[in-house]
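We count ligands from 1, going down the list as the structure has it; atoms in each ligand are counted the same way.
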Amino acid sequence: MARTIWILGDQLTHRHSALAKADRDADVVLFIESRKRGAHIRYHQRKLVLIYSAMRHFARELREAGWTVDYHHLAETEDFAEGWKRHLTRFQPDEVWMMEPNSLPEQKAAETIVRRIERPLRTFPSCQFLVGRDEFAEFAAGKKRLLMENHYRAARKRFRILVDEAGEPEGGAWNYDAENRKTLTDWQREGAAKPPRQNSHPPDPVTRDVIRDVGSFFPKAPGRAEGFALAVTREQALEDLRGFVRERLARFGDYQDLMLAESPGMFHSWVSASINIGLLDPMECIDAAVNAYWERGAPLSAVEGFVRQILGWREFINGVYWLKMPEYGESNALSAERPLPDFFYTAETDLNCLRCTIGEVRETAYNHHIQRLMVLGNFLLLAGVRPQEALRWFLEMYIDAFDWVMAANVLGMALHADGGFMATKPYAGSGAYIDRMSNYCKGCRYDPKKKSGEGACPFNLLYWAFYDRHAKRFGANPRTAVMIKSWQKRTESDRETILREAGEFLDSHVPLAP
Ligand code: SF4
């Protein structure tokens with residue numbers, strides 16, 4: 001029986017579960033670069049280059065390993081259907097095999113096409129996650145609200161990561177977040193040196209071809225492809241992982257929430273994109289950090305923080321996605337109705353924190369988690385921007401963003417659009433938080449300490465306007481009731497001034513659609 005193994009652009013792993021069962025001598029591996037898929041939304045140029053270059057490199061590795069590969073390039077392929085049509089003129093598979101797609105749009109597209117070509121489709125469980133979709137559904141069964149912490153502790157015990165024989169956490173605590181929140185003042189007091197630069201992988205001829213293709217076929221894509229130096233092969237991704245463990249892991253914990261305008265990514269690993277497209281296995285990343293703790297004395301708080309990102313957040317977010325989608329994608333519990341402002345694409349804004357973070361993502365297609373959550377997400381939450389527009393932007397701009405990873409991160413975590421299904425309170429912060437955790441405020445025309453009046457930080461105005469708008473909902477929440485009380489204790493004229501200035505700011509910076 002002849003089979004086609006169809007590999008998608010975020011499944012570039014040699015552990016691919018369909019490939020593992022296939023017959024190297026008889027089966028054909030299919031890759032399709034679809035221009036329509038690439039233009040579906042306005043993806044950042046570097047993200048397009050990353051995916052297509054990694055696909056081409058992976059296909060080459062498979063050929064070198066003896067597989068028959070049928071590869072359809074952007075130049076000749078309008079969409080998946082066209083790629084398949086051409087594939088069927090050369091090969092006549094009896095069956096199509098896939099690893100289960102990581103996101104729903106790809107799953108639907110694959111099912112539709114395979115139905116159209118009248119071949120049976122067999123899917124194999126994903127090897128890119130540690131917790132299966134059914135297992136997560138079991139964990140979630142009967143719960144009204146899901147807490148990442150509960151999932152994380154169960155996963156630590158199950159995979160025996162940093163736990164002792166009795167299942168108790170190494171060091172006596174499950175969570176070292178309190179040690180992982182050093183501020184700008186701590187940084188200055190320690191006279192800390194700049195973080196080492198990220199690894200750089202200059203483009204080879206394959207990547208240079210892709211950069212040309214992306215320029216020709218996606219001329220309106222935001223960002224810049226020039227300067228692209230991301231890992232596009234497993235070997236390069238492993239170099240990045242080793243570099244992170246060797247040079248940045250030790251400081252990653254302390255300063256994982258700090259944001260410095262001159263140091264994009266700080267001590268973060270930048271391996272998320274490599275994990276999400278299959279170049280790295282999540283467990284090998286966890287093992288690399290945990291081994292550094294056991295063998296080289298890396299700080300437990302840093303190692304636990306890194307493990308939490310992968311075994312905790314990554315698996316949890318994927319579980320929520322498959323549990324709640326597609327309805328979750330339409331969530332808008334706070335009735336946020338403002339359109340995404342244009343400056344999210346241009347970085348032309350007078351709020352320095354937004355200018356720096358958006359400028360950074362335009363340049364690199366990357367921000368670290370606190371920039372995403374507490375600067376950009378926080379602003380979109382407080383300003384009341386439509387969750388689906390915000391979600392689209394995150395999907396477009398970040399190298400590691402895919403539907404499965406962004407839906408719950410943006411709608412649930414950042415925008416509270418799911419009404420608190422996965423976060424007990426909104427991640428809303430005033431200018432004081434950004435001032436404490438970054439050096440953005442130093443170069444800003446606004447004053448983070450000013451609550452109203454000329455030069456008051458817009459985050460301060462929007463913060464209180466947000467709680468005023470949602471006083472009923474958050475007054476009933478024990479974790480936010482204190483904020484509502486403190487707002488209501490202010491004088492009426494104080495409140496009126498703040499609400500008026502917040503309204504004026506929104507009308508000028510985030511206007512409602514005409
Ligand atoms: Fe952002 Fe306010 Fe600080 Fe300016 S003062 S950088 S707007 S937090």
With a cut-off of 4.0 Å, which atoms of ligand 1 are near a heavy atom of Ile434? 8 (S)

Counting non-hydrogen protein atoms only, what is the nearest one to atom 3 (Fe) of ligand 1? Give residue, atom name and distance. Cys441 SG, 2.3 Å

Could you find the nearest protein heavy atom to atom 6 (S) of ligand 1 and give me its residue, atom name and distance? Cys353 N, 3.4 Å

Tell me if the OH atom of Tyr427 is crowded by more than 12 foreign heavy atoms within 6.0 Å. no

Which ligand 1 atoms, with their elements, are less than 4.0 angstrom from a heavy-atom of Tyr446? 5 (S)

Scan side-chain atoms only and decide if Asn276 and Arg314 contain a donor-acceptor pair under the 3.5 Å cut-off. yes

May I ask you to identify the nearest protein heavy atom to atom 4 (Fe) of ligand 1, giving residue, atom name and distance to one decimal place in Å? Cys444 SG, 2.3 Å

Greater than 12 external heavy atoms within 6.0 Å of Lys442's NZ: yes

How about Glu262 and Asn439: does a side-chain donor come under 3.5 Å of a side-chain acceptor? yes

Less than 4.0 Å between a side-chain N and a carboxylate O, is that true for Arg234 and Glu239? no

Can you tell me if, anywhere in Cys457, an N/O/S atom lies at a distance from atom 2 (Fe) of ligand 1 that is smaller than 2.8 Å? yes

